[in-house]
Amino acid sequence: MEDAASPNSGSDLNLGGNRGRSIEECQGMIQRSFRNPIVKFLMEQMEKSGCRVGDNFVKAVVCTGPVAGGYTKGRGVVKTFFVFFLMFFYSQFLLFIYVCLKITVCSNYLTIQDEVNQVVIHELIHAYDECRAKNLDWTNCAHHACSEIRAGHLSGDCHFKRELLRGFIKLRGHEQECIKRRVLKSLRGNPYCSEVAAKDAMEAVWDTCYNDTKPFDRAP
């Protein structure tokens with residue numbers, strides 16, 4: 001991936017040839033995605049969990065591999081500032097936690113607004129998981145698998161119409177089968193997870209993570 005660190009987790013789409021937008025066009029689509037109700041909700045929930053999203057949290061980049069986007073764990077990018085101010089006759093401290101760039105959207109592999117929205121939603125769920133868990137370890141196959149299960153389930157990546165566009169036609173059980181396929185595909189990119197370890201980790205955490213719909217009451 002150019003102009004970005006290798007992602008801890010990546011989104012993939014049914015990518016074809018001669019696709020894509022310029023970085024400037026994609027950045028505009030990212031800004032429009034912030035008006036999506038699910039995107040807005042996830043960003044609000046991150047702030048409520050103590051992770052304030054910075055202006056450059058989501059950035060369009062040119063990617064070298066056939067992926068739609070990625071989430072990179074920040075290294076030294078979480079900064080805490082105590083702001084002292086006087087209000088009337090008392091003072092108080094405010095704690096702001098700013099999270100810098102973590103989500104990348106691959107401009108050269110995306111064409112329409114819905115694709116950008118999906119990438120942003122998927123990667124925001126990873127960001128929320130890290131914000132909530134605090135100790136999420138992407139080198140741990142079970143941790144990685146759990147976040148991928150949740151992102152696949154809660155983002156709508158595996159809705160029937162999306163699977164149909166990918167060429168997968170199955171009326172019953174398509175969603176869970178899709179999520180498992182995409183989880184294993186993502187874990188194959190994790191150098192700490194062998195094929196066997198990835199499958200074992202996914203199966204071990206499946207029930208717990210699939211049924212964990214936070215911050216939603218139920219899967220959207």
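Positions are given from 1, in the same order as the sequence printed here.
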Side-chain heavy atoms under 4.5 angstrom apart, residues restricted to Ile, Leu, Val, Met, Phe, Trp, Tyr: same cluster for [X] and [Y]?
{"X": "Val116", "Y": "Tyr71", "result": "yes"}
{"X": "Val119", "Y": "Met43", "result": "yes"}
{"X": "Ile125", "Y": "Phe34", "result": "yes"}
{"X": "Leu154", "Y": "Ile179", "result": "no"}

**Request:** May I have the step-by-step check of side-chain contact (heavy atoms from CB on, under 4.5 Å) for Glu24 and Gln27, ending in yes or no?
**Result:** CA-CA 5 Å; Glu24 292 74 18; Gln27 200 63 49; 5.8 Å; no
What are the two closest non-hydrogen atoms of [X] and [Y], and how far apart are they?
{"X": "Met46", "Y": "Leu124", "value": "SD-CD2, 4.0 Å"}
{"X": "Ser33", "Y": "Val120", "value": "OG-CG2, 3.7 Å"}
{"X": "Gln118", "Y": "Gly156", "value": "NE2-C, 3.7 Å"}
{"X": "Pro215", "Y": "Leu42", "value": "CG-CD2, 3.8 Å"}
{"X": "Cys209", "Y": "Ile149", "value": "C-CG2, 4.0 Å"}
{"X": "Ser107", "Y": "Ile23", "value": "OG-CG1, 3.6 Å"}

Does [X] reach the main-chain N or O of [Y] with its side chain, forming a donor-acceptor pair under 3.5 Å?
{"X": "His143", "Y": "Asp137", "answer": "yes"}
{"X": "Asn190", "Y": "Trp138", "answer": "yes"}
{"X": "Glu203", "Y": "Asp200", "answer": "no"}
{"X": "Glu130", "Y": "Leu136", "answer": "no"}
{"X": "Gln113", "Y": "Met29", "answer": "yes"}
{"X": "Thr104", "Y": "Gly69", "answer": "no"}
{"X": "Arg150", "Y": "Asp212", "answer": "yes"}
{"X": "Ser155", "Y": "Asp157", "answer": "yes"}
{"X": "Glu115", "Y": "Thr111", "answer": "yes"}
{"X": "His174", "Y": "Cys158", "answer": "yes"}

How long is the gap from [atom1] on [X] to [atom2] on [Y], to the nearest 0.5 Å?
{"X": "Tyr109", "Y": "Cys26", "atom1": "OH", "atom2": "SG", "value": "13.5 Å"}
{"X": "Arg132", "Y": "Ser147", "atom1": "CZ", "atom2": "OG", "value": "9.0 Å"}
{"X": "His122", "Y": "Asn117", "atom1": "NE2", "atom2": "CG", "value": "14.5 Å"}
{"X": "Glu195", "Y": "Lys199", "atom1": "CD", "atom2": "NZ", "value": "8.5 Å"}
{"X": "Met202", "Y": "Leu184", "atom1": "CE", "atom2": "CG", "value": "4.0 Å"}

**Message:** Please evaluate residues Glu175 and His159 with respect to the criterion side-chain hydrogen bond (donor to acceptor under 3.5 Å, both in side chains), reporting the C-alpha separation (whole Å), side-chain torsions for both, the decisive distance (0.1 Å), and the verdict.
**Reply:** CA-CA 7 Å; Glu175 193 229 16; His159 283 174; over 6 Å; no
**Message:** Can you confirm whether Tyr192 is buried at OH, in the sense that more than 12 heavy atoms of other residues, nucleotides or ligands lie under 6.0 Å from that atom?
**Reply:**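 Atom OH in Tyr192 is not packed in, count stays at 12 or less.
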**side-chain contact (heavy atoms from CB on, under 4.5 Å) between Phe216 and Ile38, worked out** = CA-CA 10 Å; Phe216 305 98; Ile38 296 178; 3.9 Å; yes
**Prompt:** Stepwise, does the side-chain contact (heavy atoms from CB on, under 4.5 Å) test hold for Val61 with Val105?
**Reply:** CA-CA 6 Å; Val61 298; Val105 178; over 6 Å; no
**Message:** Parallel, tilted or perpendicular: which one describes the rings of Tyr210 and Trp206, with boundaries at 30° and 60°?
**Reply:**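 Aromatic pair Tyr210/Trp206 classed parallel.
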**Prompt:** Would you call Glu123-Lys102 a salt bridge at under 4.0 Å N-O?
**Reply:**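 Not counted as a salt bridge, because no side-chain N and carboxylate O are separated by less than 4.0 Å.
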**Item:** Side-chain ion pair, Glu148 and Arg182, N-O less than 4.0 Å
**Value:**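 No.
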